[in-house]
Amino acid sequence: MARPKPDQFLLALLIFFISTSLCFCHGMSWQVFQEDDGMSWLNEEDNEVDIVQTRHDPSRSCNFESGKWVYDQSYPLYDSNCPYLSTAVTCQKNGRPDSDYEKWRWQPQGCSIPRFDALKFLGKMRRKRIMLVGDSIMRNQWESLVCLVQGVIPTGHKKVTYNGPSMAFHSLDFETSIEFTWAPLLVELKKEAGNKRILHLDLIEENARYWRNVDVLVFDSAHWWTHSDQWSSWDYYMEKQTLFQSMNPMVAYQKGLTTWARWIDLNLDPRKTRVIFRSMSPRHNRENGWKCYNQRQPLAFSSHQHVPESFVVLKEVLRKMSFPVYLQDITAMSALRRDGHPSVYRRAISQQARQHPSSFSSDCSHWCLPGVPDIWNEMLSALL
């Protein structure tokens with residue numbers, strides 16, 4: 001074989017160096033684009049959350065679940081005059097005589113949750129949509145998040161819009177929307193022939209169409225699945241055109257969650273969307289809803305570390321997903337806060353009426369605001 005001439009060899013070497021430099025520059029420009037396109041946060045390692053997939057290394061994470069409630073005079077981060085709060089959660093306005101329930105923050109063991117910084121949150125969410133999907137307790141959390149940020153936005157630079165089951169708070173300067181979508185069961189509940197209410201365990205698109213093109217999705221779904229027959233929102237279950245009059249609630253929950261998981265796996269791109277599933281908010285409804293009445297302090301510890309069956313089902317479904325869903329576990333920490341519910345102060349009560357509280361219903365499911373959901377949102381902000 002003829003040996004290449006020296007000038008041919010030098011030409012080949014020059015071409016090699018030029019092509020290598022171009023590839024290197026192209027790689028650098030792509031890296032800069034990734035850092036500047038506002039989506040690089042989707043690829044950061046999150047050492048402060050519990051990712052449920054089996055590839056998670058728990059030794060690298062800050063365990064938010066284990067800790068204690070610490071009294072902090074610098075809380076709350078807003079007051080009950082926030083115009084976006086529902087009457088049912090403005091316990092101070094409704095006559096609740098104590099306010100210490102507003103001043104407790106969660107202190108995890110071995111780490112801290114950063115104090116919520118509204119401008120930092122809005123900066124992180126610039127030109128993005130965050131949507132909270134679920135039941136009335138998720139609405140509770142949405143109101144908290146809106147009140148945490150709205151105080152730094154001037155009047156006239158914010159608005160609320162409505163679209164079917166969704167409502168959205170808009171920060172116009174940041175082009176950020178904080179949204180809530182009503183879907184307490186995630187799957188579809190329909191009223192059909194004869195006014196029969198049918199829960200379709202394998203249908204979801206009617207709800208899921210609102211979840212598309214969202215940057216951060218936060219889900220919860222558990223309470224409605226555990227309602228007793230007396231309070232159930234459906235008459236029949238349906239799966240694959242087969243009607244069931246009864247089914248173990250946790251079997252139904254697993255089927256519904258599996259439908260949700262399949263939709264997430266097939267329709268969302270983890271490079272563009274972050275998905276978080278918030279665990280079940282605890283209820284203190286024993287003693288006919290009076291377990292939370294007149295409670296003034298958090299419990300120091302839980303006398304029984306009961307893991308709800310719905311939580312076990314949820315973790316099992318998440319483990320089987322290919323999409324990386326983050327589990328935000330607020331159940332155990334919130335179980336210590338039986339002082340944080342509205343109880344009878346879900347409506348305005350006069351001084352005289354307080355002398356006869358038993359004539360009112362007691363809400364031990366939702367949360368006074370400011371209050372416990374603010375801490376969930378501090379955790380959420382740390383995650384993002």
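Hydrogens, waters and symmetry mates are skipped; everything else that's a heavy atom, side chains included, is used.
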With distance as the sole test, does Asn377 use its side chain to make a donor-acceptor pair with the main-chain N or O of Leu380 at under 3.5 Å? no

Going by side-chain contact (heavy atoms from CB on, under 4.5 Å), name the residues that satisfy it together with Arg126, two or more places apart in sequence or in a different chain. Phe174

Running the 4.5 Å side-chain criterion over Ile, Leu, Val, Met, Phe, Trp and Tyr, what cluster does Leu203 land in, apart from itself? none

Could you work out, with side-chain contact (heavy atoms from CB on, under 4.5 Å) as the rule, every residue matching Ser246, not counting sequence neighbours? none

To the nearest 0.5 Å, what is the distance between SG (Cys91) and CZ (Arg347)? 12.0 Å

Ser171 (side chain) donor-acceptor with Thr176 (main chain) under 3.5 angstrom: no

Nearest 0.5 Å, please: how far is CD in Gln295 from SG in Cys292? 7.5 Å

Where Ser80 and Pro370 come nearest, the two heavy atoms and their spacing: N-CD, 4.0 Å

For the backbone of Trp367 and the side chain of His341, can you confirm whether one donor and one acceptor N or O come within less than 3.5 Å of each other? no

Show the numbers, then the answer: is there a side-chain hydrogen bond (donor to acceptor under 3.5 Å, both in side chains) between Asp202 and Thr259? CA-CA 6 Å; Asp202 52 0; Thr259 298; over 6 Å; no

Side chain to side chain contact (heavy atoms under 4.5 Å, CB included) between Tyr293 and Cys364: does it pass, once the steps are laid out? CA-CA 8 Å; Tyr293 173 68; Cys364 294; over 6 Å; no

For Tyr101, is the NZ or CZ atom of Arg96 found under 6.0 angstrom from the centre of its six-membered ring and inside 45 degrees of the ring axis? yes

Whether Arg105 and Asp72 form a salt bridge (side-chain N of Lys/Arg under 4.0 Å from carboxylate O of Asp/Glu) is what I want to check. yes

Among all residues two or more places apart in sequence or in another chain, which pass the ring-ring contact (aromatic ring centres under 6.0 Å, His included) test with Tyr84? Phe169

Does Tyr75 have Arg115 sitting over its ring (NZ/CZ under 6.0 Å from centre, angle to axis within 45°)? yes

Whether the side chain of Thr181 engages the backbone of Val133 through a donor-acceptor N/O pair (distance < 3.5 Å, no angle test) should be reported. no

Rounded to the nearest 0.5 Å, what separation is found between the CD1 atom of Ile178 and the CE atom of Met167? 13.5 Å

N/O donor-acceptor pair under 3.5 Å between Thr242 side chain and Met238 backbone: no

Contacts of Arg337 that satisfy salt bridge (charged side-chain N to carboxylate O under 4.0 Å, His left out) - sequence neighbours left out: Asp339

Check whether the ring centres of Trp211 and Phe219 lie less than 6.0 Å apart, and answer yes or no. yes

For residues 148-157, please give each side-chain donor-acceptor pair under 3.5 Å, one per line with the distance, not counting sequence neighbours.
unit_1 : atom_1 : unit_2 : atom_2 : d
Gln150 : OE1    : Lys158 : NZ     : 2.9
His157 : ND1    : Asp173 : OD1    : 3.2
His157 : ND1    : Asp173 : OD2    : 2.9

Does Ile204 offer a backbone N or O that forms a donor-acceptor pair with the side chain of Asn207 under 3.5 Å? no

Where is the tightest heavy-atom contact between Lys128 and Lys124, given as atom of each residue plus distance? NZ-O, 3.6 Å

Distance-only donor-acceptor check, side chains Ser166 and Glu179, under 3.5 Å: no

Atom CD of residue position Gln245 - does it have more than 12 heavy atoms of other residues, nucleotides or ligands inside 6.0 Å? no

State which residues pass ring-ring contact (aromatic ring centres under 6.0 Å, His included) with Tyr253; sequence neighbours excluded, sorted by chain then number. Trp225

So is Arg278 actually on top of Trp376's ring, under 6.0 Å and inside 45° of the axis? yes

Residues in ring-ring contact (aromatic ring centres under 6.0 Å, His included) contact with Tyr71, at least two apart in sequence or another chain: Trp104

Kindly write out the residues that satisfy side-chain contact (heavy atoms from CB on, under 4.5 Å) with Gln254, not counting sequence neighbours, or none if the list is empty. Thr258, Val313, Val317

Supply the atom-to-atom distance Asn248 CG to Tyr237 OH, rounded to the nearest 0.5 angstrom. 8.0 Å

Flag if over 12 foreign heavy atoms under 6.0 Å of NZ, Lys120: no

Starting at CD1 of Ile113, measure out to CH2 of Trp106 and round the result to the nearest 0.5 Å. 8.5 Å

Look at the side chain of Gln107 and the backbone N and O of Trp69, then say whether any donor-acceptor pair between them is shorter than 3.5 Å. no

Without swapping roles, check the side chain of Asp100 against the backbone of Lys103 for a donor-acceptor pair under 3.5 Å. no

Please list all pairs passing the salt bridge (Lys or Arg N to Asp or Glu O under 4.0 Å) test where one or both residues lie in residues 257-268, with sequence neighbours left out. none

Leu369 vs Thr90, test: side chain to side chain contact (heavy atoms under 4.5 Å, CB included). Steps then yes/no. CA-CA 6 Å; Leu369 290 178; Thr90 54; over 6 Å; no

Run the numbers on Ser334 and Ser281 for side-chain hydrogen bond (donor to acceptor under 3.5 Å, both in side chains), then give the verdict. CA-CA 7 Å; Ser334 304; Ser281 172; 5.7 Å; no

May I have the step-by-step check of side-chain hydrogen bond (donor to acceptor under 3.5 Å, both in side chains) for Tyr78 and Asp374, ending in yes or no? CA-CA 10 Å; Tyr78 60 91; Asp374 301 332; 2.7 Å; yes

Check: Phe121 ring centre within less than 6.0 Å of Phe116 ring centre: yes

What residues, two or more places apart in sequence or in another chain, satisfy ring-ring contact (aromatic ring centres under 6.0 Å, His included) together with Trp142? none

Nearest heavy-atom contact between Thr331 and Met280 is OG1-O, 2.7 Å

Would you say the side-chain atoms of His223 and Ser365 include a donor-acceptor pair closer than 3.5 Å? no

If hydrophobic clusters are built from ILVMFWY residues whose side chains come within less than 4.5 Å, do Trp263 and Leu186 share one? yes

May I ask you to check whether Asn163 and Tyr210 show a side-chain donor-acceptor distance below 3.5 Å? no

When Arg197, Lys196, Lys191 are each screened for salt bridge (Lys or Arg N to Asp or Glu O under 4.0 Å) with Asp235, the one that passes is Arg197

Arg129 with Asp215: basic N within carboxylate O range, under 4.0 Å: no

Under 3.5 Å, is there a donor-acceptor pair between the side chain of Gln92 and the main chain of Asp98? yes

Looking only at the side chains, is there a donor atom on one of Ser362 and Ser343 sitting less than 3.5 Å from an acceptor on the other? yes

Hits for side-chain contact (heavy atoms from CB on, under 4.5 Å) against Glu192, two or more places apart or cross-chain, chain-then-number order -> Lys190, Ile198, His200

Audit row: Lys255, Glu239, side chain to side chain contact (heavy atoms under 4.5 Å, CB included) steps and yes/no: CA-CA 9 Å; Lys255 290 177 180 290; Glu239 184 183 28; 3.2 Å; yes

For the atom pair CG (Asn94) and CZ (Arg346), what is the distance rounded to the nearest 0.5 Å? 10.0 Å

